[in-house]
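From a predicted model like this one, the values you see are computed outputs, not experimental measurements. Both backbone and side-chain heavy atoms feed into the values below; hydrogens, waters and symmetry mates do not. First the proteins, then the strands, lettered A, B, ... as listed; each starts at 1.
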There are 4 protein chains.
Amino acid sequence: MINRVVLVGRLTKDPELRYTPSGVAVARFTLAVNRSFSNQQGEKEADFINCTVWRKPAENTANFLKKGSLAGVEGRIQTGSYEGTDGKRVYTTEVVADSVQFLEPRNSSGGDRPQQGQPYGGGSNQNNQYTSTQQNQSPNQQNYTRVDEDPFSSGSGPIEVSDDDLPF
Amino acid sequence: MINRVVLVGRLTKDPELRYTPSGVAVARFTLAVNRSFSNQQGEKEADFINCTVWRKPAENTANFLKKGSLAGVEGRIQTGSYEGTDGKRVYTTEVVADSVQFLEPRNSSGGDRPQQGQPYGGGSNQNNQYTSTQQNQSPNQQNYTRVDEDPFSSGSGPIEVSDDDLPF
Amino acid sequence: MINRVVLVGRLTKDPELRYTPSGVAVARFTLAVNRSFSNQQGEKEADFINCTVWRKPAENTANFLKKGSLAGVEGRIQTGSYEGTDGKRVYTTEVVADSVQFLEPRNSSGGDRPQQGQPYGGGSNQNNQYTSTQQNQSPNQQNYTRVDEDPFSSGSGPIEVSDDDLPF
Amino acid sequence: MINRVVLVGRLTKDPELRYTPSGVAVARFTLAVNRSFSNQQGEKEADFINCTVWRKPAENTANFLKKGSLAGVEGRIQTGSYEGTDGKRVYTTEVVADSVQFLEPRNSSGGDRPQQGQPYGGGSNQNNQYTSTQQNQSPNQQNYTRVDEDPFSSGSGPIEVSDDDLPF
DNA sequence: TTTT
DNA sequence: TTTT
């Protein structure tokens with residue numbers, strides 16, 4: 001059984017960071033991945049792929065990525081379902097990311113990226129009090145490939161926002 | 001922009017083969033991919049991933065795979081939407097396969113698999129006349145990696161059901 | 001920076017299991033992956049891809065896979081070099097697997113699969129005295145996605161030989 | 001049999017473009033992919049992965065990428081061998097790319113990139129006449145997913161350098 | 001609506 | 001509900 005996904009695309013909006021009641025960070029965002037072929041009207045379309053990432057990479061995602069950021073995602077497809085408001089079952093498909101990679105030169109999208117200490121669910125890297133949120137997924141099902149000492153340090157090249165240095 | 005998916009899992013049902021008005025084959029099936037980790041109740045869950053494949057590999061899929069078959073899929077995630085019966089927009093996420101691979105020894109799941117000698121294009125699992133179906137996707141957006149002269153010939157090992165030898 | 005590989009193929013020989021001086025298991029094997037297209041002489045060729053796997057999945061690989069086994073591999077490409085016997089630098093490229101999956105029905109290749117307690121570098125799951133071997137790669141660079149309680153227990157379907165339940 | 005690779009990294013040098021005797025373009029380059037973890041000395045290493053790409057994407061690669069460019073590659077691992085100068089067999093492992101993606105903003109690495117207006121097939125980095133080269137691989141084993149009308153047209157975002165619009 |  |  002193999003389930004592997006690799007994506008490179010752009011965030012359609014700023015990522016949303018939440019915390020589970022037990023304090024586990026989870027970020028959600030949508031990646032727009034432009035198709036390389038045109039449709040019958042000659043237009044280039046895109047796929048809009050919902051992604052979820054847990055723990056430290058979630059916080060890094062919230063801190064380093066924003067609307068329009070070019071990002072790489074490695075993960076797996078996860079399906080689920082929930083009861084819709086009309087009582088009908090709604091089926092969901094998303095990508096659960098093991099790692100998220102910032103693929104933009106450091107200076108390229110200057111300005112309004114959220115600063116350290118800013119809100120985003122209350123959780124920056126160093127200021128992460130935990131907000132109360134429903135947890136419907138085990139957080140420890142993730143595996144994190146990477147250890148980043150200080151993602152703020154190095155000034156150039158793509159930034160790896162995955163992390164294994166978990167505070168819980 | 002990269003969008004790549006690799007799956008290995010089992011078909012939850014026999015694949016469904018259809019033809020577009022212009023005669024392009026399209027097969028749909030769901031792959032059950034067991035997760036490698038357990039949830040908080042200690043149960044192993046699975047993801048149920050909807051897959052679509054076009055043209056010759058669609059026909060091969062219908063001819064060689066059935067409920068329970070172990071299959072490999074390479075493709076990309078495609079999102080879309082349609083108007084629901086209640087007028088609300090319904091968003092969809094599926095995998096569009098470039099190739100589908102039969103990963104079962106030839107003899108392993110005997111019995112009711114469609115037999116050879118059936119005509120291609122006549123060998124769908126159920127209704128193989130050219131049915132009328134909305135085509136909202138260019139069929140030639142697919143790329144097929146493989147050319148299989150005679151998928152019936154070799155008697156052992158996994159069978160590659162991708163194909164470039166398209167009749168249209 | 002993304003480096004992801006997914007392979008499905010057959011072992012060309014029994015895997016080789018070794019232990020580093022510090023007792024870390026490492027298995028090596030070569031996967032034959034048949035190409036899906038033919039060369040100019042009309043022959044189907046294969047790629048022979050060297051794979052390395054560390055720790056528990058290494059032991060599982062040695063215990064469950066043998067020459068001819070159909071296996072799935074997820075990992076990354078790793079390059080390196082060493083001093084050849086003639087003093088020249090030799091460059092190497094291999095796949096370092098995060099996980100290895102046994103894709104064969106339990107009964108399909110019966111018989112001579114190595115039993116528990118058998119040699120293979122001395123290392124089965126429960127009988128793993130450590131042999132002396134050069135370690136030229138950090139073992140903790142691996143990430144293991146899976147936890148398998150008892151890989152001997154379940155009697156059907158593909159067997160996940162990845163594992164996080166590490167004894168060191 | 002599945003053999004899929006996805007890489008994102010930087011070219012270690014300008015790509016080398018050659019033509020086979022029959023006029024098929026082939027570009028070679030090496031991607032440096034930084035590892036996300038550190039070795040035992042605490043240093044971050046990289047893998048240096050040799051890549052080959054055929055036909056139109058080869059020309060696009062030569063035209064759009066240069067030393068230091070951030071690129072995405074989708075392809076497969078290919079192994080081979082040749083007779084070394086000392087008569088010994090030398091084994092090779094490389095990635096044959098189906099598509100190569102330029103992941104850098106248009107303006108980001110200015111300077112000596114080949115300018116537009118240069119002829120395709122005349123715009124190789126170095127010797128762009130049709131050189132005589134051994135062809136030991138069928139060029140039509142490649143599949144190209146994409147059609148790019150005019151890769152020079154759109155002025156922003158990552159540039160898809162794959163192409164199906166082949167002149168032979 | 002799910003496979004072994 | 002979508003990015004450049």
Side-chain angles (χ1 to χ4, degrees), chain A residues 1-3 7-16 28-36 44-51 65-73 79-81 88-93 102-105 108-109, chain B residues 1-3 7-16 28-36 44-51 65-73 79-81 88-93 102-105 108-109, chain C residues 101-108 153-160, chain D residues 101-108 153-160:
Chain A
M1 302 301 190
I2 291 175
N3 180 343
L7 305 172
V8 173
R10 291 189 183 278
L11 296 235
T12 61
K13 307 204 302 197
D14 289 352
E16 261 191 70
R28 276 178 231 277
F29 57 93
T30 299
L31 260 199
V33 184
N34 297 129
R35 297 182 190 164
S36 50
K44 288 258 166 91
E45 294 178 81
D47 295 292
F48 297 96
I49 302 168
N50 295 320
C51 299
L65 302 184
K66 60 171 211 251
K67 180 177 176 176
S69 298
L70 187 68
V73 162
T79 61
S81 70
K88 279 203 288 224
R89 198 122 283 266
V90 179
Y91 294 91
T92 62
T93 300
F102 187 20
L103 291 173
E104 216 116 44
S108 77
S109 43
Chain B
M1 302 302 189
I2 291 176
N3 181 344
L7 305 172
V8 173
R10 291 187 184 279
L11 295 236
T12 61
K13 307 203 303 200
D14 289 351
E16 262 190 69
R28 276 179 230 277
F29 57 92
T30 299
L31 261 199
V33 184
N34 297 130
R35 295 182 191 164
S36 51
K44 287 261 166 89
E45 295 179 79
D47 296 292
F48 297 96
I49 301 168
N50 294 321
C51 298
L65 301 184
K66 59 171 212 249
K67 181 178 176 175
S69 298
L70 187 68
V73 162
T79 61
S81 69
K88 278 202 291 220
R89 197 122 285 265
V90 180
Y91 294 91
T92 63
T93 300
F102 187 21
L103 291 173
E104 217 117 44
S108 77
S109 43
Chain C
Q101 170 107 28
F102 187 20
L103 291 173
E104 216 116 44
R106 205 46 193 299
N107 43 294
S108 77
S153 63
S154 92
S156 72
I159 295 163
E160 177 58 53
Chain D
Q101 169 105 27
F102 187 20
L103 291 173
E104 217 117 43
R106 206 47 195 299
N107 41 293
S108 78
S153 63
S154 90
S156 71
I159 294 162
E160 177 57 56

Separation between OG (B:S36) and NZ (B:K44), nearest 0.5 Å, reads 7.0 Å

Expressed in angstrom and rounded to an integer, what is the separation of B:N50 atom CG from E:dT1 atom P?
-> 14 Å

Which whole-number value in Å describes the distance from B:M1 CE to F:dT3 C1'?
-> 7 Å

Partners of A:D47 by side chain to side chain contact (heavy atoms under 4.5 Å, CB included), sequence neighbours excluded?
-> A:R35, A:I49, B:N3, B:R76, B:Q78, B:T79

From the list F:dT3, F:dT2, E:dT2, which nucleotide is the closest neighbour of the side chain of A:T30?
-> F:dT2

Per B:F48 side chain, nearest of listed nucleotides E:dT1, F:dT3, E:dT3 = E:dT3

Grab the CZ-P distance between A:R89 and E:dT2 for me, whole Å please.
-> 10 Å

Those residues at least two apart in sequence (or on a different chain) that pass side-chain hydrogen bond (donor to acceptor under 3.5 Å, both in side chains) with B:N34 are none

Between A:L11 (CG) and F:dT2 (P), how many Å, whole number?
-> 16 Å

Check every strand shown and say whether B:G68 touches a base, only sugar-phosphate, or nothing at a heavy-atom separation below 4.0 Å.
-> sugar-phosphate

Out of E:dT3, E:dT1, F:dT2, which nucleotide sits closest to the side chain of B:N34?
-> E:dT3

Selected nucleotide, minimal atom distance to B:Y91 side chain, candidates E:dT3, F:dT1, E:dT2 | F:dT1

Rounded to the Å, how far apart are A:F29 CZ and F:dT4 P?
-> 16 Å

Whole-Å distance between E:dT4 C1' and B:D14 CG?
-> 15 Å

Rounded to whole Å, CG of B:L65 lies from P of E:dT4 at a distance of 14 Å

Between F:dT4 atom C1' and A:R10 atom CZ, what is the distance in whole Å?
-> 5 Å

Expected output: side-chain D:Q101 to main-chain B:M1 donor-acceptor under 3.5 Å = yes

